Engineer: 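One structure is given below, represented as structure tokens, and several questions about it will come after.
Values reported hereafter were calculated over all heavy atoms of this structure, with side chains retained and with hydrogens, waters and symmetry mates removed. None of these values were measured; they are calculated from a predicted model. Below, read A as the first sequence line, B as the second, and so on, with proteins coming before strands; counting in each chain starts at 1.
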There are 2 protein chains.
Amino acid sequence: MVKIARWHAPATTETRTGPRVAHVHTGIVHKGRALSFEPDVTTLTLLEEGLAATLRRAAARIAAAAGDEPPVEQVRFLAPLEPRSMRDFVTFEEHVEGVTASIDGEAGVVDEWYEAPTFYFTNPHTVRADGETIPVPSGCHRMDFELEVAAVIGAPAHGDAPLGGTNLDPARAHEFIFGYTILNDWSARDVQSREMKVRLGPCKGKDFANTLGPWIVTADEFADRHDEEGFLHLALTAEVNGTALGTDDLGHMGWPFAELVAYASQDSRVLPGDVLGSGTSGRGCLAELWGRHNDLVPPPLAEGDRVRLTVEGIGSIENTVGARRREGVPSRPARRRGRSRAPETTSEG
Amino acid sequence: MVKIARWHAPATTETRTGPRVAHVHTGIVHKGRALSFEPDVTTLTLLEEGLAATLRRAAARIAAAAGDEPPVEQVRFLAPLEPRSMRDFVTFEEHVEGVTASIDGEAGVVDEWYEAPTFYFTNPHTVRADGETIPVPSGCHRMDFELEVAAVIGAPAHGDAPLGGTNLDPARAHEFIFGYTILNDWSARDVQSREMKVRLGPCKGKDFANTLGPWIVTADEFADRHDEEGFLHLALTAEVNGTALGTDDLGHMGWPFAELVAYASQDSRVLPGDVLGSGTSGRGCLAELWGRHNDLVPPPLAEGDRVRLTVEGIGSIENTVGARRREGVPSRPARRRGRSRAPETTSEG
């Protein structure tokens, strides 16, 4: 098992033109130190090489450690990858029950939820790191978080499936899972509620931030943690300002990760660098509790709130909520426009 | 104005181990010939340089043309870019009216549609080119197409906004539009209908194919085609097997493109390589007509059907529908699982 991370080195050098631009390091966290790979190695390099090659690369790096690598306390971790795409599933029945009541004002889970693991694509451009401040988006008055685990896709082996995985069965899909990281899918519930009435997305309710981190724990760590049905049992805990909302088990997903990857790949492609979120665990967000309480209790997140998500075997990520952006969104309502013309159905003669 | 395209050169060389692997060229289409840029130039290179630099580069390439560049009939065009992300909006009221009736069995456009230009992120990994065969995804019995125009994002100028655009107003957002291409957002309506009941996505109803092409026409071509409200008036026509469904005007979008880009950028980022679809025009798909007719007339697309989309000032793309994949999707329904634990609320004492 290795922890794949990205970080900025401590900014120790000042030049005459100001502080040196920090170089982004990709490497591993080992015995409390951050061990860099070669400067041209990115997380995508590792994902395209595959897990076995990465484990060999990590072992060689540990053997060559000089002992002067920076302690983790001295580096600033970035999100462990820049995803090529992000899919987010909704696999915890308990979450759907609570959020349906909160967003739609109606209880119950629709039959269609049970049929197949539904997901949506979300924004790969706004990934944030452990420790960053997450501002409330403009117009949002019901800011929330979501505790999830994300599977990170890699090649099964170097040069294997260079075009990614297509039409995978769950056993083969399992080989495409390189590792796991923690995902906080920040959510503007009032914005999301509007969008779900249009039945597309959500888009602006979700596209302002996703925290990934603090690192990717490679999949070999969890190889013996799956039950006979393929579910991975890890304890999940969300805390707001130090108070736990409760604890769930990642094994409570309605489908195991391998089935999510297999489903995503049908008539489509999953590629190294893709990230697939589990969906929010039970007691892994506020909206589920709002639905259950039929009231905004606990209150929506506000400036200064600290949200800490902990996943057994991976670690913790914590972010502080920032101020709401004051400027309004420069959006106007739709203008009434004209209509199309049907083709001529009679000849001119 | 230039047409930015990607193509495979004619495969003229055979080696002892088989046909040479075709190199992907990026360049421009000029007077019926395909003029390549330097081998290391990709569409993303141009988008990051910005429109003005690209126009200068194109002028230099035309000046240096040797006259022996391949005629367009001899090259196989690829999609003009590999998008960094794809957002698809829904901005034509007429389309929403028809499709709502078709998908949901209810007529009418919800009030929330008018409030802001809703979109969803879709799959950037399954972009197809003009001329390709598009198989029907497994399990789909209501295959459809969607006629759209897509705006392609570039940097306003070289080195400008390297992190992309954030919190843009429409005037500034307009500067991020590098050009336009035709988008066919292929749709599995029966799969999409299930997903919209879960109120996420759509995902598998849309993730199997998006055709982009045949090239990107740079935005300067359309600079004087916007009306005083910012709408771009271009004629849009969809044909199935040579029969037109009708003609719409791109100016019938409820919001102009600059407002879509501005909205996407709020509390988020738009980057060079991002693609934003207009949404489907009126009479630009079958489902709108199914809703209007309350019947599957014209019938869903089937193997061998040819779908041709034409946009004034850009060109046409045509694809043939392929066979439905026979293997079933290896998906199982959700398993009933356990529930989370609430935190201890009383002390042990």
Side-chain angles (χ1 to χ4, degrees), chain A residues 85 90 93-94 110 112-116 118-126 137-138 164 169-170 194-201 203-204 207-208 244 246-249 252 254-255 259 262-263 266-269 271 281-283 325 329-335 337-343, chain B residues 85 90 93-94 110 112-116 118-126 137-138 164 169-170 194-201 203-204 207-208 244 246-249 252 254-255 259 262-263 266-269 271 281-283 325 329-335 337-343:
Chain A
S85 81
V90 51
E93 188 181 17
E94 182 176 13
V110 296
E112 287 81 1
W113 179 82
Y114 297 92
E115 293 175 11
T118 306
F119 64 91
Y120 65 102
F121 285 89
T122 188
N123 194 352
H125 298 331
T126 52
S138 183
D169 64 29
R194 187 193 73 72
E195 291 164 350
M196 291 176 96
K197 294 203 172 71
V198 184
R199 302 209 176 176
L200 285 175
C203 52
K204 299 307 295 180
D207 76 351
F208 56 100
T247 296
D248 203 3
D249 172 2
H252 290 165
W255 300 262
E259 294 185 22
Y263 187 68
Q266 299 303 310
D267 300 293
S268 184
R269 292 165 75 201
L271 286 177
S281 60
R283 294 183 177 271
R325 186 162 67 90
V329 174
S331 79
R332 296 176 56 186
R335 270 75 98 192
R337 309 295 296 167
R339 291 292 183 270
S340 64
R341 285 182 289 111
Chain B
S85 80
V90 52
E93 188 181 17
E94 182 177 11
V110 296
E112 288 81 0
W113 180 83
Y114 296 92
E115 292 175 11
T118 308
F119 64 91
Y120 65 102
F121 285 90
T122 188
N123 193 351
H125 298 331
T126 50
S138 184
D169 63 30
R194 187 193 74 73
E195 291 164 350
M196 290 176 96
K197 294 204 172 72
V198 185
R199 301 207 177 178
L200 285 176
C203 51
K204 300 307 295 180
D207 76 350
F208 56 99
T247 297
D248 203 2
D249 172 1
H252 291 164
W255 299 262
E259 293 185 22
Y263 187 67
Q266 299 302 311
D267 301 291
S268 184
R269 293 166 75 203
L271 286 177
S281 59
R283 295 184 175 269
R325 186 162 66 91
V329 174
S331 79
R332 296 176 56 184
R335 269 75 99 193
R337 311 294 297 168
R339 290 292 183 270
S340 65
R341 283 183 291 109

Engineer: Heavy-atom pairs under 4.5 Å with chain A - which of S281(B), G246(B), P170(B), A262(B) has more of them than the others?
Structural biologist: G246(B)
Engineer: For chain A, find which of F208(B), W113(B), W255(B), Y120(B) contributes the most heavy-atom pairs closer than 4.5 angstrom.
Structural biologist: W255(B)
Engineer: Out of P137(A), G164(A), G254(A), G282(A), return the one with the most heavy atom pairs under 4.5 angstrom to chain B.
Structural biologist: G254(A)
Engineer: For chain A, find which of N123(B), T122(B), V110(B) contributes the most heavy-atom pairs closer than 4.5 angstrom.
Structural biologist: N123(B)
Engineer: Of the non-hydrogen atoms in S268(B) and T126(A), which two are nearest, and what is the gap between them?
Structural biologist: OG-CG2, 3.7 Å
Engineer: Tell me, with the steps shown, if D248(B) and R283(B) meet side-chain contact (heavy atoms from CB on, under 4.5 Å).
Structural biologist: CA-CA 7 Å; D248(B) 203 2; R283(B) 295 184 175 269; 5.9 Å; no
Engineer: Is E259(A) in contact with chain B via its backbone, its side chain, both, or neither, using a 4.5 Å heavy-atom distance?
Structural biologist: side chain
Engineer: So, S340(B) versus E94(A): side-chain donor-acceptor pair below 3.5 Å or not?
Structural biologist: yes
Engineer: What part of P124(A) gets closer than 4.5 Å to chain B, counting heavy atoms only: side chain, backbone, both or neither?
Structural biologist: side chain
Engineer: Who pairs with D249(A) by side-chain contact (heavy atoms from CB on, under 4.5 Å), at least two apart in sequence or on another chain?
Structural biologist: H233(A), H252(A)
Engineer: At a heavy-atom separation under 4.5 Å, does R269(A) approach chain B through its side chain, its backbone, both, or neither?
Structural biologist: both
Engineer: Sequence neighbours left out, what passes salt bridge (Lys or Arg N to Asp or Glu O under 4.0 Å) with R339(A)? Give chain and number order.
Structural biologist: E93(B), E97(B)
Engineer: Quick check on side-chain hydrogen bond (donor to acceptor under 3.5 Å, both in side chains): which of R194(B), E195(B), K197(B) does T118(A) satisfy it with?
Structural biologist: R194(B)
Engineer: In terms of heavy-atom pairs under 4.5 Å with chain A, which of R341(B), Q266(B), R332(B) leads?
Structural biologist: Q266(B)
